[in-house]
Amino acid sequence: MTNDASELDRKNREMWRRAAAGWGKWQAPLREATSPVSRWMVDAIDPKPGQRVLELAAGPGETGFLAAPRIGPHGTLISSDQSPEMVSVARARAQELGLENVEFEVLDGQRIELESASVDAVLCRWGFMLMGDAGAALRETHRVLGPAGRLALATWDAPEKNLWARAPAAQLIARDALPVPDPDAPGMFSMADPAALADRLGEAGFEQIETERLGFSQSYASFEQYWEATCDLAAPIAQALGTLDAGAAAEVREGARSVLDRFTTPDGGLEIPASAVVAAGRIPAEGT
Ligand SMILES: C[S@@+](CC[C@H](N)C(=O)[O-])C[C@H]1O[C@@H](n2cnc3c(N)ncnc32)[C@H](O)[C@@H]1O
């Protein structure tokens with residue numbers, strides 16, 4: 001790994017460590033709004049009783065927790081994230097749910113410290129595109145999956161279909177607080193093209209690849225609530241805002257408000273569309 005990549009990983013870890021409390025705070029509405037994506041992913045891996053399922057970059061762990069009842073008491077979900085603070089949020093949620101078939105691990109998706117062919121399925125929602133070396137993470141995922149293993153993942157669709165993030169990000173880019181997105185660098189929108197994503201899965205050795213765009217919406221009681229949630233959850237946006245003085249940060253907020261105004265509901269709330277790209281792939285069964 002180059003110095004640049006390990007520096008990016010270090011910054012990434014620090015940024016998500018700081019965001020962990022916010023992910024705990026907004027866990028319930030986030031779970032609700034994003035459940036179509038999690039359900040698609042869990043159906044794609046089709047977990048069976050007794051299987052071992054690994055969730056990478058699990059954050060608060062919600063997608064894996066949907067799979068946990070399907071693998072039953074003799075199955076194991078390994079809920080993992082690079083950030084110990086995120087793993088703590090997931091652990092608390094599993095306790096709340098009374099799940100007893102979950103193990104928790106601090107794991108970097110690019111160097112998965114698990115035996116080869118040791119899990120039946122891998123889930124990774126909105127994780128791979130953030131990693132310094134997504135290709136390495138996909139190859140590692142392939143390595144830990146056994147024959148007939150399945151992978152399901154989600155990335156974000158193009159920025160114009162995700163104005164909840166694009167609106168503040170464009171303001172921050174205009175003020176040099178965020179870099180102009182480099183399509184080849186890791187980032188929220190770096191795996192937005194379904195065809196290119198399918199190619200990457202194929203390069204990592206997956207077969208029977210399917211991809212789909214999946215729309216959903218996020219509801220807020222007011223613009224103020226949207227802003228609070230975005231600052232708590234969208235770690236790169238929060239970090240960039242922190243580099244601005246109060247006046248410039250307020251301009252970013254008002255710029256985002258003017259773009260998102262079109263999604264105002266009759267009761268003064270906001271209903272903002274979002275779009276994910278979901279993908280699934282398999283490893284051939286032995287002897288095929
Ligand atoms: C956008 S959040 C998504 C959390 C969760 N998967 C969800 O959909 O609710 C991104 C997560 O990826 C994790 N992450 C980023 N880079 C990682 C890496 N190299 N290995 C493991 N986790 C990573 C972060 O710590 C963070 O929890």
Side-chain angles (χ1 to χ4, degrees), residues 1 5-42 53-67 77-91 93-94 104-114 122-141 144 151-156 162 164-165 169 185-192 214 216 218 229-239 274 276-279:
M1 175 171 286
S6 56
E7 177 59 9
L8 190 131
D9 282 346
R10 194 192 58 74
K11 284 191 180 150
N12 202 3
R13 266 197 303 278
E14 178 54 22
M15 191 169 69
W16 289 104
R17 185 186 70 72
R18 276 190 265 118
W23 281 70
K25 174 172 150 193
W26 296 99
Q27 195 163 7
L30 195 64
R31 171 171 66 244
E32 177 75 13
T34 59
S35 64
V37 178
S38 290
R39 281 202 303 271
W40 188 99
M41 291 170 60
V42 172
V53 174
L54 167 65
E55 183 171 16
L56 287 174
E62 299 290 0
T63 305
F65 298 154
L66 267 187
L77 167 69
I78 305 164
S79 181
S80 74
D81 198 278
Q82 65 170 359
S83 153
E85 290 79 4
M86 284 288 191
V87 173
S88 297
V89 175
R91 194 189 295 274
R93 174 69 182 148
F104 296 90
E105 299 281 354
V106 175
L107 290 179
D108 182 339
Q110 301 161 111
R111 290 168 288 272
I112 306 174
E113 290 173 18
L114 292 177
V122 173
L123 296 164
C124 184
R125 191 178 79 160
W126 297 314
F128 283 124
M129 74 282 179
L130 304 173
M131 299 182 192
D133 189 345
L138 288 171
R139 287 191 297 278
E140 273 289 89
T141 299
V144 299
L151 163 67
L153 64 93
T155 67
W156 287 109
N162 287 293
W164 61 272
M188 189 176 159
F189 298 116
S190 65
M191 293 171 95
L214 208 61
F216 60 98
Q218 308 190 78
T230 302
C231 293
D232 282 341
L233 295 168
I237 289 176
Q239 189 178 50
V277 174
V278 285

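Please read all numbers here as calculations on a predicted model, not as lab measurements. Only this structure's heavy atoms are used, side chains among them; waters, hydrogens and symmetry mates stay out. Each ligand, and each atom within it, is numbered from 1 in the order the structure gives.
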Discussion item. Tell me whether the count of non-hydrogen atoms from other residues, nucleotides or ligands lying under 6.0 Å of CD in Glu32 goes above 12.
Written reply: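 Counting neighbours around CD of Glu32, 12 or fewer heavy atoms of other residues, nucleotides or ligands fall under 6.0 Å, so no.
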Pick one of side chain, backbone, both or neither for how [X] approaches ligand 1, counting any non-hydrogen atom pair under 4.0 Å.
X: Met131; answer: side chain
X: Ala235; answer: neither
X: Trp16; answer: side chain

Worksheet item: Atom CG in Asp133, atom CD in Glu140: separation rounded to 0.5 Å?
Response: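 Between atom CG of Asp133 and atom CD of Glu140 there are 10.0 Å.
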Discussion item. So, taking the atom named CE in Met131 and the one named CG in Leu56, what distance separates them when rounded to the nearest 0.5 Å?
Written reply: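 Spacing of CE (Met131) from CG (Leu56) equals 6.0 Å.
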Any N or O of [X] that comes nearer than 3.5 Å to an N or O of ligand 1?
X: Gln82; result: yes
X: Gly109; result: yes
X: Ala57; result: yes

Atoms in ligand 1 flagged as close to [X], the criterion being non-hydrogen separation under 4.0 Å:
X: Leu130; result: 10 (C)
X: Asp108; result: 18 (C), 19 (N), 20 (N)
X: Gln110; result: 19 (N)
X: Asn12; result: 15 (C), 16 (N)
X: Met86; result: 27 (O)
X: Asp81; result: 11 (C), 13 (C), 24 (C), 25 (O), 26 (C), 27 (O)
X: Leu107; result: 20 (N), 21 (C)

Fill in: Protein contact of atom 9 (O) of ligand 1 - nearest heavy atom, named by residue and atom, plus distance
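Here the nearest protein heavy atom works out to Arg125 NH2, 2.9 Å.
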Worksheet item: Considering only the protein, which heavy-atom contact is closest to atom 5 (C) of ligand 1, and what is its distance?
Response: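 Result: Ala58 O, 3.3 Å.
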Fill in: Residue pair Lys11, Glu14: steps toward the side chain to side chain contact (heavy atoms under 4.5 Å, CB included) verdict
CA-CA 5 Å; Lys11 284 191 180 150; Glu14 178 54 22; 5.7 Å; no
Item to complete: Could you establish whether Val37 and ligand 1 come within less than 4.0 Å of each other, counting only heavy atoms on the residue side?
Response: no
Item to complete: For Gln27 and Pro60, work out which heavy atoms get closest and say how close.
Response: NE2-CB, 3.4 Å
Worksheet entry | For Ser79 against Gly61, the heavy-atom pair lying closest together |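 Scanning both residues, the minimum pair turns out to be OG-CA, 4.2 Å.
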Item to complete: Check for a donor-acceptor pair, side chain of Trp23 on one end and backbone N or O of Leu233 on the other, with a separation under 3.5 Å.
Response: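 Between the backbone of Leu233 and the side chain of Trp23 there is a qualifying donor-acceptor contact (under 3.5 Å).
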Worksheet entry | Exam field: side chain Ser80 to backbone Glu55, donor-acceptor pair closer than 3.5 Å | yes
Worksheet item: Without hydrogens or angle criteria, can the side chains of Gln82 and Asp9 be said to hold a donor-acceptor pair below 3.5 Å?
Response: no
Practice prompt. Report yes if the side chains of Trp16 and Asp81 come closer than 4.5 Å at any heavy-atom pair, otherwise no.
Written response: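 Trp16 does not reach Asp81 side chain to side chain.
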